[in-house]
Amino acid sequence: MTSPTPDALLGPADIRELAAALGVRPTKQRGQNFVIDANTVRRIVRTAQVHPEDVVVEVGPGLGSLTLALLEVADRVTAVEIDDVLASALPATIAARMPQRADRFALVHSDAMQVTELPGPAPTALVANLPYNVAVPVLLHMLGTFPTIERSLVMVQSEVADRLAAAPGSKVYGVPSVKANWYAEVKRAGAIGRNVFWPAPNVDSGLVSLVRRAEPVKTSASRREVFAVVDAAFAQRRKTLRAALAGWAGSAAAAEAALVAAGVSPQARGEALTVEEFARIAENKQHDPGNEPHDPGTKQHDPANEPQDSARQSHDSARQPRDPEHQEKDSE
């Protein structure tokens, strides 16, 4: 691999110059906060444990701060960008600042929630800075769509990082925690200060590491079936599972039967259960024999992968999530 030039990464002046040339004016209303510190993006790459043989997919490359740092190390980088202006400018930025690596870069101009295939070799790692309002659905969509992704490192609002990495019994344990754990071992991997962004955001950021499970959750239930139980359990957090799962099971009595068969107390609450316990509950749902059996060849609706409003999908790896008052409830 040819060594990149020392000044290949973007600094504060470079970011402002690029933004001005493109007519991009970062605003808090649009959640735009660009990473301006080269040391920070290199730290993200190190924390992500990106190797020279990795094929990395990045969601929301923005002006290219993290993209260039990834290209320094990875074999290939594929960036997914929805913004027309940013997507059109990024290839030129890569060619100008890291010409010897330009052939190892690919751009997919699309909404990440709609991406079902990527050019070139299958991705082995996901590294991205995700805006809060789409962080969880985008992360789950990518993990579910690309099973070759072994390692992920995402930068999100600190609150979201806490939720993703929460363990059963925690006050912030919820839908994102369980669904992320379906795919991977999840943990907090550090904090990011506000002063590395331009302009500085009003919220803190956190890094989350996800290492795909060596073996999937052992269950005869499908992911869709397990996630349906999770959604129902946390839709009414304060209720016991017997009550919260009544709609899902058809009645409180049917919910209790499924819970008892799964070895879970009907008086328990969703925040106390592991993903394996949710899977056991899904396995023990009594299906109405009058209903048509599900055809496994039919694609089912998965709320975890539901597209978000396009006006709120400006994925930008140089942007920071919106303030807490804009958050969606647990991305449920």
Side-chain angles (χ1 to χ4, degrees), residues 112-118 122-123 126 136-150 152 163-164 166 168 173-186 210-237 241-242 244-264 266 268-308 330-332:
M113 289 295 295
Q114 304 299 325
V115 171
T116 57
E117 58 182 11
L118 295 168
L126 165 68
V136 172
V138 166
L139 175 62
L140 296 176
H141 172 74
M142 297 301 287
L143 290 175
T145 305
F146 301 102
T148 57
I149 293 176
E150 301 167 355
S152 301
R163 292 185 181 195
L164 284 168
Y173 183 74
V175 170
S177 324
V178 183
K179 291 184 178 179
N181 198 234
W182 168 269
Y183 297 106
E185 299 296 332
V186 189
L210 303 98
V211 178
R212 192 175 290 272
R213 286 173 172 264
E215 293 184 3
V217 176
K218 293 181 180 179
T219 177
S220 59
S222 68
R223 176 184 66 186
R224 180 180 62 86
E225 291 169 334
V226 176
F227 282 12
V229 181
V230 176
D231 289 332
F234 287 101
Q236 304 176 77
R237 293 181 69 106
L241 286 172
R242 184 184 190 275
L245 298 181
W248 163 81
S251 70
E256 180 168 350
L259 289 161
V260 171
V264 176
R269 287 174 170 78
E271 55 263 35
L273 270 58
T274 64
V275 65
E276 289 82 4
E277 287 172 314
F278 280 112
R280 290 207 305 271
I281 297 169
E283 290 174 2
N284 284 283
K285 180 180 182 181
Q286 299 300 309
H287 297 280
D288 184 349
N291 291 338
E292 288 293 327
H294 163 57
D295 176 5
T298 303
K299 184 175 181 180
Q300 295 292 310
H301 167 70
D302 185 345
N305 295 338
E306 205 169 71
Q308 306 293 300
D330 256 350
S331 291
E332 296 171 6

Taking every non-hydrogen atom, the tightest pair across P168 and A272 | CB-O, 3.8 Å
Separation between CD1 of I149 and CG of L118, rounded to the nearest 0.5 Å | 7.5 Å
Short question: side chain of R280, backbone of A262 - any donor-acceptor pair under 3.5 Å?
-> yes
Between the side chain of E283 and the main-chain N/O of S220, is any donor-acceptor distance below 3.5 Å?
-> yes
Where the side chain of Y173 meets the backbone of L273, is there a donor-acceptor pair that is under 3.5 Å apart?
-> yes
Would you check, one step at a time, whether the test side-chain contact (heavy atoms from CB on, under 4.5 Å) holds for F146 with V115?
-> CA-CA 10 Å; F146 301 102; V115 171; 3.9 Å; yes
Heavy atoms only: give me the nearest L259-P266 pair and the separation to one decimal.
-> CD1-CA, 3.7 Å
In Å and rounded to the nearest 0.5 Å, what is the CD1 to CD distance from I281 to E225?
-> 13.5 Å
Audit row: E277, L241, side-chain contact (heavy atoms from CB on, under 4.5 Å) steps and yes/no = CA-CA 12 Å; E277 287 172 314; L241 286 172; over 6 Å; no
Verify side-chain contact (heavy atoms from CB on, under 4.5 Å) between T219 and F278, making sure each step is shown before the conclusion.
-> CA-CA 10 Å; T219 177; F278 280 112; over 6 Å; no
First locate atom CH2 of W182, then atom CZ of R213, and finally report the distance between them rounded to the nearest 0.5 Å.
-> 8.5 Å
State the CG-CG distance between L143 and L126, to the nearest 0.5 angstrom.
-> 6.5 Å
Taking all non-hydrogen atoms of both residues, which atom of A279 and which atom of V226 are closest, and how far apart?
-> CA-CG2, 3.9 Å
Test side-chain contact (heavy atoms from CB on, under 4.5 Å) applied to Y183 and R223, step by step = CA-CA 10 Å; Y183 297 106; R223 176 184 66 186; 2.6 Å; yes
Which atom pair, heavy atoms only, marks the closest approach of G174 to R237?
-> CA-NH1, 3.8 Å
Does the R212 side chain pair with the main chain of S152, one donor and one acceptor, at a distance under 3.5 Å?
-> no
Flag the pair L139 / L164 as yes when at least one side-chain heavy-atom distance between them is below 4.5 Å, and no otherwise.
-> yes
Inter-residue atom distance R242.CZ - R269.CZ, 0.5 Å rounding = 13.5 Å
Could you tell me whether K179 and D231 make a salt bridge, using a distance below 4.0 angstrom between a side-chain N and a carboxylate O?
-> yes
For the student: nearest non-hydrogen atoms of W248 and A232, plus distance | CB-CB, 3.9 Å
Non-hydrogen atoms of A233 and G270 that approach each other most closely = CB-CA, 4.4 Å
